[in-house]
Amino acid sequence: MKDGFVKAAALTPKVKVADVTYNKETICEMIDMAADKGAKIMVFPELSITGYTCGDLFAQELLLNSAKEALIEIAAHTEKVDGIVFVGLPLEYESKLYNVAAAVSGGDILGLVPKTYIPNYNEFYERRYFMPGFDKPVPVRLDDDFVVPFGTRLIFSCRQLPGLRISAEICEDLWAPMPPSIKAAMAGATVIANLSASDETTGKDIYRKDLVAGQSARLICGYIYASAGDGESTQDVVYSGHNLIAENGAVLAESRRFANENIYSEIDVQRLSEERRRMSTYLRTDESYMTVEFNLREEKTALTRFVDPAPFVPGKTEDRARRCEEIFMIQAMGLKKRLEHTCSKHAVVGISGGLDSTLALLVTAKAFDLLGLDRQGITAITMPGFGTTDRTYENAVSLIESIGASFMEVPISEAVRLHFRDVGQDESVHDVTYENCQARERTQILMDVANRLGGMVIGTGDMSELALGWATYNGDHMSMYGVNVSVPKTLVRHLVRYYADTCKDERLNKVLLDVLDTPVSPELLPPEDGQISQKTEDIVGPYELHDFFLYYVLRFGCTPGKIYRLACYAFEGTYDGGTIEKWLKTFYRRFFSQQFKRSCLPDGPKVGTVAISPRGDLRMPSDACVRIWLDELEHLHDGEMPGVTGTAAGEKNGTVEDDSAGADDSMADFDKVFDDFFKEFMI
C-alpha cells in the first residue's frame, strides 16, 4: 500500500447452480489464490454463493439458510487473510428477500449492501424474488456472533490507508440513471466494488466497458467489476465472466470473455484523492453514510499495471495522429485569434533548424492559411552565430523555402563581439554570459524586425524547456505569442513527425525527418569538427525523463519518492535508479529556481491537462524553497525502494552517483549547493 497503491482482484468462480457447499469452497480457494498474488480487495460476482440463476429456488428456505451459513464460514476463512472480500448472496430480512453484497475481512462480516435497482424487463425477472434495497443501515443478526449493518449507505474504510474507502453496488445499479455509487463517491468512497451477473448479447461488452470506464471517470474512483461466467445456467442466456478494473476513466485490466478469467491490477488511491482535492467542483454533499473500518497490513504493493514512460504521448498510432492534429489546430487557432485581434499581417519567427522553431513555423503557416493570408507575410529569420552548424543552417533554409515564408538572414557574430567589448566579456570564456549574449541578440533582432514590419514575434520555446528554465531570460524566453508554451518536448517531436507524414511534400518531408534526427541543442558554443558540441540532454538530462517527472509533479502532485518509484518501473531497462535519481534532483532544483522566468511568460495556448501559465495552471511563487522535496530524495535509500529490481537504486559498485559533478549533495550543505546552482542558472 506504499504510495497509495492497493492491489484489486475481480474474480469469477465456476459456480454450480444452487450448490452452496461447492461454491463456498471454490470462493475460499480463490480468496487464498488472490491473497497469494497480493490482492487486498477481492470482488466476486452477484449472488456468487448460490449462483445467480437459481430462479424460483430463491424461495426455498434451505437455500437461503445455507447461503447465510456459507457466508459466515467464508468470513471465518478470511481471519488469516490480509484483505477485504465482497461476495454475493440472497438474504432474508423481515420476511423479504434482498440481493446482497457482503463485505468480509479479518474473520468478520463488516456489512451487507442490498441491490438498489431490481431489473424486471427483457430477460430479467428479479422482482419476482427480490425487493429494492433501502438506504439507511439497520442492524441484522445473522447468528449469535454476527450483528451486521445492512443498507446501501455503507462505506468500508481502511485504517492504515485513509484514502481507501470502498462502497458496493450490484449489477443493474450501474446501468440505472442514478447509480448508488454517485452518492457513495460524493460521501467519500474512492473505490466502488460492483458484483454483477451481466449476461452476454452481441455488442454488450463494448457498452459495458465504456460504462465502467465512464463511471470511474465521472466519480474519479477506482471501479472493480466482477461478473458471473461459466457455470451459471444457460437455460435462456449465457454469462461470459467479463471482468473489469478501471481507474479515473482508464481500464487497468480486462478479462477475456467466456474464460472465467481472474484479473488483477493496482488502484492508486493517492492519485484519486489528489484529483478530487484539485477539482473544486467535486463537492462532498452527503454525510449520512455509516463508515465501517477494517485493517490491512502496511506493505509495499508490487506494481503490475502499465505506467506509461511517455505520458504526454498516446501509445496507439491512430490516437497519436488524432491528438497531434488536435493540438496542432489548438496552436494554430490560438495564433489566428491573436493575429486577428492585433490586425497583424506579418509574423516573425526565428528559425534555428531545431525542433521547436520548426514546429512554431509550421503552426504559423497554418494560422496564416486559416486567415487566408499569404505565407510570404511570415518572415522566417536565420541568425547564424558561433555555434551554428552547416546541418542546422541548411535545414533552416530548406524549411523556410518549403513552407513558402519570406527568408531573411542576419548573422550575429559581429554584433555579439561588439557587445562583448561593450560589457567586458572575454570571447574565449565560454560561460553563461557568452551564451546568453547570443540569445538576447537574436531576440532583439526578431523584435526589431517585427516592429519594422508591423508584425509580431512568434515564440518557439516548449513547456519542457520552460519547466527546467532552459531559456535565456529576456532572450528566447520572450516573444509576443508563444505557440509551443504548453507542448512538452516529447510531444513536439511527434507533432513534427505527424506533419512530415501528412504534408505530401517530398522536400519538406525530407527536411523535417532530418530535423527530427538532429540532437537537441541551443548551438551557443562553437562546433567541434563541424558537429554540434552542445547537446541539451547531456547537460540538463533526457527530456523523456523530465517530461515524465513534470507530468507527475503537476498533474497529480506526487511525492519525489513516488515519482522515483514510478520512473524506475516505467523506464526499467532504459535507465538505472542512479540515473533517474540524478536527473530527478536536477528537475526539482531547476523547476523551483526557474519559476521567475515562468512568472512573466508571454501568452500562449493551453493544449493539454498540464500547463505552466502563471495566469492559469501554475500560480507558484518564484521564491518557494525546494528543500523538503530534495530532503525526501536524500532518504530514498534508507530502505529498499519498491519497483526497482537488481542492484539497489542509484548504486553502482557500492556507491551512489553524485547529482552533479563536484556538488556536495548533503542536506547539511543545502544552502551553499542551492545558492551556487541558482546563480549558475539565474539568467
Side-chain angles (χ1 to χ4, degrees), residues 331-354 356-388 392-423 435-461 471-485 522-524 600-605:
Q331 292 177 278
M333 290 298 291
L335 179 57
K336 171 181 175 288
K337 168 63 178 178
R338 184 54 53 95
L339 291 168
E340 281 181 316
H341 178 71
T342 57
C343 300
S344 295
K345 300 294 191 294
H346 293 275
V348 177
V349 189
I351 304 300
S352 66
D356 291 340
S357 63
T358 295
L359 178 59
L361 180 58
L362 296 174
V363 169
T364 304
K366 181 66 174 180
F368 268 60
D369 293 346
L370 291 170
L371 287 167
L373 297 176
D374 189 339
R375 288 187 179 183
Q376 283 290 303
I378 305 169
T379 300
I381 307 178
T382 62
M383 294 167 282
F386 303 134
T388 303
T392 54
Y393 174 78
E394 290 169 3
N395 279 340
V397 173
S398 296
L399 176 66
I400 295 167
E401 293 174 348
S402 297
I403 289 297
S406 296
F407 174 79
M408 184 175 181
E409 181 174 323
V410 183
I412 66 168
S413 298
E414 183 180 348
V416 172
R417 285 194 176 98
L418 178 61
H419 188 62
F420 283 166
R421 291 197 297 271
D422 290 341
V423 300
E435 297 184 31
N436 286 343
C437 282
Q438 298 173 71
R440 292 196 179 100
E441 177 63 26
R442 286 175 169 140
T443 299
Q444 176 180 250
I445 291 168
L446 294 172
M447 292 290 182
D448 291 345
V449 171
N451 288 160
R452 180 172 62 81
L453 296 174
M456 63 168 55
V457 175
I458 309 305
T460 62
T472 298
Y473 192 81
N474 204 33
D476 54 309
H477 150 263
M478 192 47 59
S479 68
M480 295 170 183
Y481 194 77
V483 293
N484 296 338
V485 70
E523 291 196 320
L524 297 173
C600 54
L601 280 178
D603 292 351

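Quick caveat, the model's predicted, so the values are computed rather than measured.
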Measuring from [X]:[atom1] to [Y]:[atom2], what's the distance to the nearest 0.5 Å?
X: Asn451; Y: Leu446; atom1: CG; atom2: CG; value: 11.0 Å
X: Leu399; Y: Thr358; atom1: CG; atom2: OG1; value: 5.0 Å
X: Ser352; Y: Met383; atom1: OG; atom2: CE; value: 8.5 Å
X: Ile351; Y: Leu361; atom1: CD1; atom2: CG; value: 4.0 Å
X: Met408; Y: Ile445; atom1: CE; atom2: CD1; value: 8.0 Å

Let's go through Tyr393 and Glu409 carefully: what are the C-alpha distance in whole Å and the side-chain angles of both, what is the deciding distance for side chain to side chain contact (heavy atoms under 4.5 Å, CB included) to 0.1 Å, and is it a yes or a no? CA-CA 10 Å; Tyr393 174 78; Glu409 181 174 323; 2.4 Å; yes

Considering non-hydrogen atoms only, spot the tightest contact between [X] and [Y] and give its length.
X: Lys336; Y: Ala367; value: N-CB, 4.0 Å
X: Thr382; Y: Ala396; value: CG2-CB, 3.8 Å
X: Ala450; Y: Val457; value: CB-CG2, 3.7 Å
X: Ile458; Y: Ser479; value: C-CB, 4.1 Å
X: Ser357; Y: Val349; value: O-CG1, 4.4 Å
X: Ser344; Y: Met456; value: OG-CE, 4.1 Å

Ionic contact status for Asp374 with Lys345, cut-off 4.0 Å: no

Any heavy-atom pair between the side chains of [Y] and [X] that's under 4.5 Å?
X: Leu359; Y: Gln331; result: yes
X: Leu370; Y: Met333; result: yes
X: Leu339; Y: Phe368; result: yes
X: Glu414; Y: Leu418; result: no

Look at the side chain of [X] and the backbone N and O of [Y], then say whether any donor-acceptor pair between them is shorter than 3.5 Å.
X: Ser406; Y: Thr379; result: no
X: Thr392; Y: Thr388; result: no
X: Ser398; Y: Asn395; result: no
X: Asn484; Y: Thr460; result: yes
X: Arg375; Y: Ile403; result: yes

All side-chain contact (heavy atoms from CB on, under 4.5 Å) counterparts of Ala415, not counting sequence neighbours: Glu441

List in chain and number order the residues that pass side-chain contact (heavy atoms from CB on, under 4.5 Å) with Met478, two or more places apart in sequence or in another chain; answer none if no residue qualifies.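 In terms of side-chain contact (heavy atoms from CB on, under 4.5 Å), with neighbours along the sequence ignored, Met478 is linked to Met447, Asn474, Pro602.
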
Given Ile412, which partner from the list His419, Arg442, Arg417 fulfils the side-chain contact (heavy atoms from CB on, under 4.5 Å) test?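 Answer after filtering His419, Arg442, Arg417: Arg442.
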
